[in-house]
S.K.: 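First the structure, which I've put down as structure tokens, then a few questions once you've had a look.
Predicted model only: the values in this text are computed from it and were never measured.
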Amino acid sequence: MASAHIEHKLALLPDEPGCYQMKDLNGKIIYVGKAKNLKNRVRSYFKSSHDGKTAQLVANIADFDYIVTSSDKEAFLLEITLIQKWQPYYNIKLKKGTGYPYIKITNERDPKIMISGDVRKDGAYYFGPYPNVYAAEETMHFLQKVYPLRRCNGYQGRPCLYYHMGQCLGPCWHEVPKAEYDAQIAKIKSFLDGNTGKVRAELTKQMKTAAADLEFERAAELRDQLHYIEVTVEKQKIISTDRTQRDIFNFYMDKGWISIQVFFIRQARLMKRESRLFPIVNSAEEEFESFILQFYDRKNNVRPKEVLVPKGVNNAVLAEVLDLPVRTPQRGEKRDLMALAKKNARIKLEEKFRLLELDNRTTIGAQNEIMDALGLPHGHVIEAFDHSHIQGTDPVSAMVQFVDGQAEKTNYRKYKLAQAEGDHSANEDANTREVIRRRYTRLLKEHAALPDLILMDGGAIEMNAAKDVLVNELNLDIPVAGMVKNNKHKTAALLFGDQDDPIDLDPKSQGFYLLERIQDEVHRFAITFHRQLRNKNSLSSRLETISGVGPRTRAKLMREFKTIPHIREASVADIQALGISKTVAQAIKVSLAAEP
């Protein structure tokens with residue numbers, strides 16, 4: 001039943017489109033939604049019965065806000081903006097970036113072709129996504145041999161090796177006319193769109209000529225190029241009669257879960273497929289629309305020429321927001337592809353339910369085995385901590401959370417720690433006290449739920465430091481156990497109780513396997529964070545040596561490019577786009593180019 005505060009706000013809701021934000025007791029936004037009619041939609045949460053994830057959401061709503069928009073389109077756009085900003089727990093959320101490999105033709109006076117997993121608004125041409133880096137590289141190597149652009153670093157007063165091999169147009173020693181580049185790029189785009197007939201005929205003619213002239217090496221190379229076309233392009237089943245680049249979306253919903261399939265159609269063939277599964281709050285169609293908008297809002301997704309969606313989706317608003325055709329096929333091969341995507345979505349979700357059933361038998365039972373061994377009631381949440389450092393320097397700590405025996409990665413946490421002085425044991429004690437104090441002080445301030453068990457990797461020192469902070473500083477009664485490893489650095493046992501008693505688990509039991517997973521996971525997470533921190537510091541220190549690069553400039557470069565190779569590959573214009581002067585951008589390029 002809604003509180004009096006919520007009842008009063010419900011009475012004031014307007015009959016207009018907009019977005020609403022549900023909040024918990026701490027004022028944190030836990031769900032964002034859009035509505036054609038705010039009054040009807042928001043009231044439905046409190047005036048109807050719910051189950052599954054919706055029921056969980058409603059149980060946690062303590063307040064709500066809303067923003068009125070002038071149209072459905074504005075509501076669509078605002079919803080995505082708010083989801084990306086607040087990352088609400090109950091919304092479908094897609095991470096920035098995809099990791100997909102694309103073929104890129106750079107936007108330069110002397111363009112080159114390359115592989116990129118980082119799609120930017122830089123005027124370049126991107127084609128893909130490819131199923132993996134190997135497939136993208138094979139295509140790129142073929143194009144570099146058949147339709148060369150630039151493979152050298154630019155003018156150097158003499159032809160480069162690739163020019164002698166016929167894989168570079170020669171900007172290394174003379175000015176290549178723009179028209180020549182444009183003609184090559186047009187041929188590349190035509191090939192990537194699936195028009196292989198012309199290049200096949202030309203390669204066959206060249207191969208015969210080379211053979212007649214007794215140039216057998218050249219003939220063999222051309223034969224290999226023809227073979228590439230046969231096995232990587234023409235051998236794949238053609239599933240579309242036109243050459244339109246299109247993405248196909250369909251879904252299947254059951255038991256409060258939505259399964260989404262995306263088919264990427266390129267070169268008239270199914271180039272790649274993506275599957276996603278989410279528990280949802282609203283109707284399948286609305287969650288599906290939100291997924292599509294976030295899908296194309298990501299930095300690393302290139303939009304196709306056309307998007308196909310199933311019946312029941314708001315095509316008109318999606319098309320307006322995405323600025324491309326969004327259609328629902330009624331007949332023919334496109335309708336068959338939609339049906340195939342739905343079938344795959346259903347199979348994936350049914351597989352998920354079968355795995356969930358099996359997981360529940362093992363993971364919940366495994367967690368209960370650990371609790372039974374320690375003489376504790378059957379709780380739900382275990383949090384585990386581990387530290388990482390090199391000879392006491394750059395200390396970090398990491399926390400992983402397991403809920404009913406399964407990793408809850410959205411609740412993982414990383415901590416940079418203060419530099420402790422003293423021997424190893426003193427460091428471990430100080431590091432443990434700091435991270436336990438920080439973690440559970442924050443949970444108390446947020447009135448958030450506390451775990452049912454804390455596991456400390458390392459043993460008695462860490463376990464007793466954690467207990468001291470919890471009991472004597474924070475007045476908390478949370479059980480703490482120490483995870484012990486043997487001399488082969490493998491999980492061995494637990495320490496627990498006032499006397500640090502060893503608690504043995506059957507090494508063949510599900511509880512022991514779960515303990516191994518938790519210990520391995522928290523160790524992996526801590527080590528990964530430490531490496532990232534060291535790499536970041538290494539990047540920063542290398543940039544410090546460049547004249548004119550101060551702290552702000554370093555921060556901009558690190559935030560945008562992440563690694564030295566990425567900065568080295570960037571153009572002067574890319575670096576200037578960050579608000580860095582041309583002189584400093586050129587100094588950065590020259591300095592990094594000189595590094596091994």
Side-chain angles (χ1 to χ4, degrees), residues 101-115 124-128 130-152 154 158-245 265-271 305:
Y102 288 85
I103 283 182
K104 172 181 179 178
I105 301 174
T106 61
N107 180 29
E108 302 173 83
R109 173 58 183 85
D110 296 298
K112 62 181 178 181
I113 188 168
M114 59 191 291
I115 304 297
Y125 172 79
Y126 294 87
F127 181 86
Y130 281 86
N132 51 59
V133 172
Y134 174 78
E137 285 180 340
E138 285 288 289
T139 303
M140 180 184 71
H141 293 154
F142 171 82
L143 292 169
Q144 286 172 332
K145 293 173 184 175
V146 179
Y147 298 127
L149 296 174
R150 170 175 65 89
R151 287 199 71 178
C152 56
R158 56 184 172 78
C160 66
L161 176 61
Y162 289 116
Y163 178 78
H164 290 298
M165 295 168 62
Q167 296 182 28
C168 179
L169 290 182
C172 38
W173 67 279
H174 74 292
E175 183 175 318
V176 180
K178 183 177 180 299
E180 190 171 351
Y181 281 125
D182 291 342
Q184 288 289 74
I185 291 172
K187 292 174 184 176
I188 292 171
K189 290 181 177 180
S190 178
F191 175 81
L192 292 175
D193 283 337
N195 300 313
T196 60
K198 288 183 179 179
V199 66
R200 185 179 177 82
E202 180 60 29
L203 290 175
T204 301
K205 179 181 175 182
Q206 291 178 23
M207 182 180 68
K208 289 179 178 178
T209 301
D213 293 342
L214 305 182
E215 296 177 359
F216 298 119
E217 263 189 54
R218 174 62 177 157
E221 184 182 348
L222 293 163
R223 178 203 61 207
D224 292 342
Q225 292 173 14
L226 284 165
H227 179 67
Y228 164 82
I229 295 175
E230 291 171 5
V231 299
T232 63
V233 182
E234 294 179 349
K235 192 175 182 180
Q236 297 174 28
K237 182 182 177 184
I238 293 178
I239 59 174
S240 176
T241 54
D242 62 24
R243 305 289 177 182
T244 303
Q245 297 179 20
I265 310 300
R266 306 291 187 271
Q267 297 175 324
R269 295 160 176 84
L270 178 57
M271 182 77 77
K305 298 291 191 295

S.K.: Determine, step by step, whether I185 and Y125 satisfy the side chain to side chain contact (heavy atoms under 4.5 Å, CB included) criterion, reporting the C-alpha distance in whole Å, the side-chain angles of both residues, the deciding distance to 0.1 Å, and the verdict.
M.R.: CA-CA 10 Å; I185 291 172; Y125 172 79; 5.9 Å; no
S.K.: Tell me the closest heavy-atom pair linking A124 and N107, and the distance in Å.
M.R.: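 Smallest interatomic distance, heavy atoms only, reads N-CB, 3.8 Å.
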S.K.: Surrounding OH of Y126 (heavy atoms of other residues, nucleotides or ligands, distance under 6.0 Å), is the total greater than 12?
M.R.: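 Counting other residues, nucleotides and ligands, OH of Y126 exceeds 12 neighbours.
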S.K.: Could you give the distance from CD (E175) to CD (E180), rounded to the nearest 0.5 Å?
M.R.: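 Here the interatomic distance stands at 11.5 Å.
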S.K.: So how far is it from L203 CG to K205 NZ, rounded to the nearest 0.5 Å?
M.R.: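 So the gap between those two atoms works out to 12.0 Å.
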S.K.: Could you check whether any side-chain N or O of H227 sits under 3.5 Å from a backbone N or O of R223, counting only pairs where one atom can act as donor and the other as acceptor?
M.R.: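 No; zero donor-acceptor contacts below 3.5 Å.
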S.K.: If you compare all heavy atoms of C160 against all heavy atoms of C152, which two are closest, and at what distance to 0.1 Å?
M.R.: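 Residues C160 and C152, closest heavy atoms: SG-CB, 3.7 Å.
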S.K.: Would R150 and L169 count as a side chain to side chain contact (heavy atoms under 4.5 Å, CB included) if you check the C-alpha gap in whole Å, the side-chain angles of each, and the deciding distance to 0.1 Å?
M.R.: CA-CA 6 Å; R150 170 175 65 89; L169 290 182; over 6 Å; no
S.K.: One thing to verify: whether K145 and E221 come together as a salt bridge, which I'm taking to mean a side-chain N less than 4.0 angstrom from a carboxylate O.
M.R.: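 Salt bridge absent between E221 and K145.
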S.K.: Would you say the side-chain atoms of Q225 pair up with the backbone N or O of F142, donor to acceptor, closer than 3.5 Å?
M.R.: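 A pair under 3.5 Å: no.
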S.K.: Starting at CH2 of W173, measure out to SG of C168 and round the result to the nearest 0.5 Å.
M.R.: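 One finds 11.0 Å between CH2 of W173 and SG of C168.
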S.K.: Would a 4.5 Å heavy-atom cut-off, applied to side chains only, mark F127 and M271 as touching?
M.R.: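 When only atoms from C-beta onward are counted, M271 and F127 do touch, with a gap below 4.5 Å.
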S.K.: Measuring from I103:CD1 to K189:NZ, what's the distance to the nearest 0.5 Å?
M.R.: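 Here the rounded value is 13.5 Å.
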S.K.: What closest approach, in Å, do G170 and H174 show between heavy atoms, and which atom pair accounts for it?
M.R.: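 Reported closest heavy-atom pair: O-ND1, 2.9 Å.
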S.K.: What do the steps show when you test E137 against Y130 for side chain to side chain contact (heavy atoms under 4.5 Å, CB included), and what is the final call?
M.R.: CA-CA 10 Å; E137 285 180 340; Y130 281 86; over 6 Å; no
S.K.: Please round to the nearest 0.5 Å and tell me the distance separating atom CD1 of I188 and atom CD1 of I113.
M.R.: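 Reported to 0.5 Å precision, the distance equals 4.5 Å.
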S.K.: Tell me the closest heavy-atom pair linking P159 and C172, and the distance in Å.
M.R.: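 Between these two residues, the closest heavy atoms are CA-SG, 3.8 Å.
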S.K.: Check step by step if side chain to side chain contact (heavy atoms under 4.5 Å, CB included) holds for K187 and V199.
M.R.: CA-CA 9 Å; K187 292 174 184 176; V199 66; over 6 Å; no
S.K.: Please report the interatomic distance CE(M114) to CG(L149), rounded to the nearest 0.5 Å.
M.R.: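 Atom-to-atom, M114:CE and L149:CG are 12.5 Å apart.
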S.K.: For residues Q206 and E202, is any side-chain donor paired with an opposing acceptor at under 3.5 Å?
M.R.: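 A donor-acceptor contact under 3.5 Å links the two side chains.
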S.K.: Main chain of Q167, side chain of R151: is a donor-acceptor contact present, judged purely on distance under 3.5 Å?
M.R.: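 Not a single qualifying donor-acceptor pair exists.
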S.K.: Closest approach of T106 and P111, non-hydrogen atoms and distance?
M.R.: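 Heavy atoms only, the tightest pair is O-CB, 3.2 Å.
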S.K.: Hey, does the side chain of S190 reach the backbone of A186 with a donor-acceptor pair shorter than 3.5 angstrom?
M.R.: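 No: the side chain of S190 does not pair with the backbone of A186.
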